[in-house]
Visitor: 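Starting off with a structure, shown below.
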2 protein chains.
Amino acid sequence: MTMSKPEQRRKAPTIHDVAREAGVSRGTVSRVLNGGHYVSPSAREAVDSAIRRTGYVVNRHARSLITGRSDSVGFLLTEPQERFFEDPNFNVLLRGCTQALAAHDIPLLLMIAGTEDERRRITRYITAGHVDGVLLVSSHSGDPLAARLREAGVPLVACGKPLGQASKVAYVAADDRDGARDMVRHLLSLGRRTVGMVTGPLDTPGGTERLAGYREVLAEAGMAADDRLVVSGDYSRASGEAGAAELLGRVPDMDALFVASDLMAQGAVAALQRAGRRVPEDIAVGGFDDSSAALGAHPELTTIRQPWDRISAEMVRVLLAQIGGEDPAAVILPTELVRRGSA
Amino acid sequence: MTMSKPEQRRKAPTIHDVAREAGVSRGTVSRVLNGGHYVSPSAREAVDSAIRRTGYVVNRHARSLITGRSDSVGFLLTEPQERFFEDPNFNVLLRGCTQALAAHDIPLLLMIAGTEDERRRITRYITAGHVDGVLLVSSHSGDPLAARLREAGVPLVACGKPLGQASKVAYVAADDRDGARDMVRHLLSLGRRTVGMVTGPLDTPGGTERLAGYREVLAEAGMAADDRLVVSGDYSRASGEAGAAELLGRVPDMDALFVASDLMAQGAVAALQRAGRRVPEDIAVGGFDDSSAALGAHPELTTIRQPWDRISAEMVRVLLAQIGGEDPAAVILPTELVRRGSA
DNA sequence: CTGAAAGCGCTTACAG
DNA sequence: CTGAAAGCGCTTACAG
């Protein structure tokens with residue numbers, strides 16, 4: 001009559017077992033669990049030891065039921081999924097947020113809102129209080145979800161400045177404009193004089209700000225703005241290829257190209273090489289992100305590093321602060337030029 | 001005296017409000033919520049309507065407290081993180097699992113166990129019952145986490161066959177060996193005669209099975225096994241580059257190369273080209289995965305498609321079945337040859 | 001500093 | 001089919 005199955009999940013010890021073991025009341029155990037205020041050193045010690053002996057782990061459901069908090073956070077993706085999941089930045093951000101939350105013992109719930117149906121379901125889930133706050137990844141403006149969640153009073157922090165929003169949404173972003181300036185200055189410092197650009201989507205901050213930085217530096221340098229040198233992409237590799245080919249057709253003597261993401265730049269390099277141009281000899285190419293795509297290009301990309309580790313850490317910090325009652329805040333982080341083979 | 005802040009989170013309606021509104025008892029509302037058994041049509045209708053009017057959403061914490069289930073699932077990554085987050089397959093798998101679970105209204109908790117500390121914390125969290133089951137992504141054998149969770153009786157399904165485990169672990173995998181056979185046959189059908197291979201890590205099923213398939217086909221074709229033609233990688237792009245360079249040094253007249261992942265194959269193509277070889281004219285290259293890395297290579301990779309959509313859907317199905325009391329099951333899914341420019 | 005007690009919002013036998 | 005009641009495991013005023 002031995003058990004042949006894997007060990008049954010035994011009934012877990014409760015606060016009651018710990019209290020009995022420690023010779024105190026359940027209230028005292030709870031106080032120890034919640035910061036140890038108003039507990040004598042001896043009681044605290046007895047409880048700590050009883051917790052170790054019993055292997056007690058708090059039942060989060062019971063706790064949440066009474067506190068009204070879930071002690072969990074949602075990571076919400078509202079971009080059309082294909083693009084984001086193709087984007088190497090996404091992984092870094094997701095990992096960073098997961099680990100920053102883990103340090104606070106807070107689980108991350110991954111939510112993907114691609115369709116209107118999913119948006120509805122997720123909105124209901126979130127506003128029902130199943131998460132305490134939301135890390136929002138959605139670079140496009142006019143996202144209805146952000147507005148709905150704001151109205152419902154859900155603590156929220158966006159990755160990148162939400163363009164269309166009332167200014168009250170907290171966000172964390174790299175300094176896109178400054179990064180773009182650094183890259184274009186670098187291209188000019190190489191002696192290049194005809195600098196094209198493939199932008200990101202112009203309804204995103206990365207799209208408009210990086211373009212603005214590009215224009216500022218050209219203006220500083222006394223170069224006339226030339227719209228033929230600018231084309232828009234959508235952050236996909238394919239749009240980088242198409243954009244570079246288009247520009248080459250318009251301005252064959254272009255000798256430098258600033259591409260607003262590494263993945264697009266990877267595509268751009270391939271298109272330029274296919275057209276017989278050598279990178280960087282004939283045309284220097286600068287990317288943006290310093291994502292893994294920068295190493296997948298040949299030559300490897302000179303690019304602008306976005307500090308994703310810090311971005312994710314700050315997103316979590318700002319969100320937890322809001323959950324704790326502080327006001328929304330905006331955080332802008334500096335970028336850095338990374339030189340490799342392409343420019 | 002108007003409110004200037006975003007709308008306060010009002011107190012959510014409870015089952016009690018619904019009962020009052022519908023003119024029934026709380027027990028009846030609960031029965032409607034849990035499948036509607038033993039409820040008269042009229043009562044059910046009254047409850048449904050009351051739920052709509054009040055905007056009631058069940059409080060999952062209260063439910064979980066009594067049912068003992070969390071109605072959530074963990075997605076656990078135990079690979080050293082760098083490699084996985086570099087792997088484009090990961091995104092597809094994670095998205096697929098999230099969406100398959102969402103269809104059941106079950107949230108996915110993302111867990112990353114890179115260090116021993118994290119492993120301990122996560123084990124405690126899971127065995128405390130905070131998730132009902134675990135989707136495990138860990139290609140290496142001898143992962144202590146899988147064993148610990150099995151012993152604790154936690155429903156579990158692995159992505160890929162767990163090599164070192166007792167046979168009792170459920171898993172879902174593509175048919176690695178068969179896919180490798182298809183690729184090598186394809187290379188031979190092109191008239192190539194000196195076929196090298198860069199394998200995956202040999203403590204993973206993808207590593208050993210794809211190598212076994214390669215050897216089988218060469219043996220079938222009556223070709224002598226030649227260890228100089230085989231080198232091991234670790235699924236990183238860099239290891240693909242190094243592997244291809246190494247093989248070229250050993251066997252300069254190699255005219256085909258099978259690489260056990262697209263990301264490694266991307267690196268291999270770059271290394272071959274750097275060595276002055278044309279792909280596919282001088283040397284045909286076949287990858288494995290049909291991940292986004294296949295499109296990032298130039299030429300684009302001929303590869304073996306792993307059916308990630310089906311893999312993730314099956315992982316979720318098998319896990320939910322286990323949570324529902326069924327025995328662990330293994331599912332093997334067929335692969336498919338995808339022809340592109342590299343072979 | 002500590003204990004006894006109320007209560008969070010549900011589900012589920014138990015009677016009827 | 002339905003209601004009244006117990007109870008899941010916690011936290012938090014309230015007295016002392």
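To find a chain, count down the sequence lines: A is the first, B the second, and so on, and within it residues start at 1.
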Visitor: Do you know the tightest heavy-atom contact between A:Val131 and A:Val73?
Guide: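 Smallest interatomic distance, heavy atoms only, reads CG1-C, 4.0 Å.
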Visitor: Could you check how far CD1 of A:Ile66 sits from C1' of D:dC10, rounded to whole Å?
Guide: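 For the pair A:Ile66 CD1 and D:dC10 C1', the rounded distance is 6 Å.
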Visitor: Give a yes/no on whether any side-chain N or O of A:Ser30 is located under 4.0 angstrom from OP1 or OP2 of D:dT11.
Guide: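 So the side chain of A:Ser30 is within the cut-off, an N or O lying under 4.0 Å from OP1 or OP2 of D:dT11.
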Visitor: Of A:His37 and A:Gly27, whose nearest nucleotide on DNA chain C comes first from the 5' end?
Guide: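 The residue closer to the strand's 5' end, by nearest nucleotide, is A:His37.
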Visitor: Between C:dG9, D:dG3, D:dT12, which nucleotide gets closest to the side-chain atoms of A:Thr67?
Guide: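 The answer is D:dT12, which lies nearest to the side chain.
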Visitor: Does a side-chain N or O from A:Thr28 land closer than 4.0 Å to OP1 or OP2 of C:dG3, or not?
Guide: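 A:Thr28 to C:dG3 OP1/OP2: side-chain N or O found under 4.0 Å.
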Visitor: Can you work out whether B:Leu65 or B:Pro41 has the more 5'-proximal nearest nucleotide on DNA chain D?
Guide: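 Here B:Pro41 is the residue nearer the 5' end.
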Visitor: Rounding to an integer number of Å, can you tell me how far A:Tyr38 OH sits from D:dA15 P?
Guide: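 That distance rounds to 16 Å.
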Visitor: Take atom CZ of A:Arg63 and atom C1' of D:dT11, then tell me their distance rounded to the nearest Å.
Guide: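 It works out to 9 Å between those atoms.
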Visitor: Which word best sums up how the rings of A:Tyr125 and A:His130 line up, parallel for under 30°, tilted for 30 to 60°, or perpendicular for over 60°?
Guide: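 A:Tyr125 vs A:His130 ring planes: tilted.
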Visitor: Between B:Leu33 and A:Gly23, just flag the one whose closest nucleotide in DNA chain C comes earlier from the 5' side.
Guide: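 Per heavy-atom nearest nucleotide, the more 5' residue is A:Gly23.
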Visitor: What integer distance in Å separates A:Asp17:CG from D:dC8:C1'?
Guide: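 Taking CG of A:Asp17 and C1' of D:dC8, I get 14 Å after rounding.
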Visitor: Please report the distance, rounded to the nearest Å, between CG in A:Asp71 and P in C:dC8.
Guide: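 Checked: the CG to P distance equals 19 Å.
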Visitor: Counting distance alone, no hydrogens or angles: does the base of D:dG3 have a donor or acceptor under 3.5 Å from a partner atom on the side chain of B:Arg31?
Guide: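 Checked by distance alone, the answer is yes.
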Visitor: How far apart are the closest heavy atoms of A:Asp71 and A:Pro107, and which atoms are they?
Guide: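 Taking every non-hydrogen atom into account, O-CD, 3.2 Å.
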Visitor: Return the value, rounded to whole Å, for the distance between atom CZ of A:Arg20 and atom P of D:dC10.
Guide: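 For the pair A:Arg20 CZ and D:dC10 P, the rounded distance is 13 Å.
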Visitor: Separation of A:Arg69 atom CZ from C:dC8 atom P, in whole Å?
Guide: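 Nearest whole value for this atom pair: 17 Å.
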Visitor: How long is the gap from NE2 on B:His61 to CG on B:Leu65, to the nearest 0.5 Å?
Guide: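 It is 10.5 Å, given to the nearest 0.5 Å.
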Visitor: Going by atom types only, do B:Thr123 and B:Arg119 share a side-chain donor-acceptor pair under 3.5 Å?
Guide: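 Their side chains do not contain a donor-acceptor pair, so the 3.5 Å distance test is not met.
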Visitor: Starting the side chain at C-beta, find the nucleotide from C:dG3, D:dG9, C:dG9 nearest to A:Asn59.
Guide: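 Among the listed nucleotides, the one closest to the side chain of A:Asn59 is D:dG9.
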Visitor: From the options D:dG3, C:dT2, D:dG9, select the nucleotide whose nearest atom is closest to the side chain of A:Ala43.
Guide: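 The closest nucleotide is C:dT2.
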Visitor: For A:Val58 and A:Arg63, which heavy atoms make the closest approach, and how far apart are they?
Guide: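 Looking at all heavy atoms of both residues, the closest pair is CG2-NH2, 3.6 Å.
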Visitor: Using a 4.0 Å heavy-atom cut-off across all strands, classify A:Arg26 as base, sugar-phosphate, or nothing.
Guide: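 Counting heavy atoms under 4.0 Å across all strands, the contact made by A:Arg26 includes a base.
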Visitor: Can you tell me the pairing partner of D:dA4 across any strand shown, Watson-Crick or G-U wobble, with both distances under 3.5 angstrom?
Guide: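 The base-pairing partner of D:dA4, which may sit in any strand shown, does not exist here.
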Visitor: Under 3.5 Å for both donor-acceptor distances, Watson-Crick or wobble: does C:dA13 have a partner, and if so which one?
Guide: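 C:dA13 is unpaired by these criteria.
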Visitor: Without decimals, in angstroms, what is the distance between A:His61 NE2 and C:dG9 C1'?
Guide: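 Atom NE2 in A:His61 sits about 14 Å away from atom C1' in C:dG9.
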Visitor: For nucleotides C:dC10 and C:dC14, find the distance between their P atoms and express it as a whole number of Å.
Guide: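 Each nucleotide's P atom is 24 Å from the other's.
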Visitor: Nearest of D:dT2, D:dT11, D:dC10 to any side-chain atom of B:Ser40?
Guide: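 Looking only at side-chain atoms, B:Ser40 lies closest to D:dT2.
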Visitor: Taking only side-chain N and O atoms of B:Asn34, does any of them lie within less than 4.0 angstrom of OP1 or OP2 on C:dT11?
Guide: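 Yes, within the criterion.
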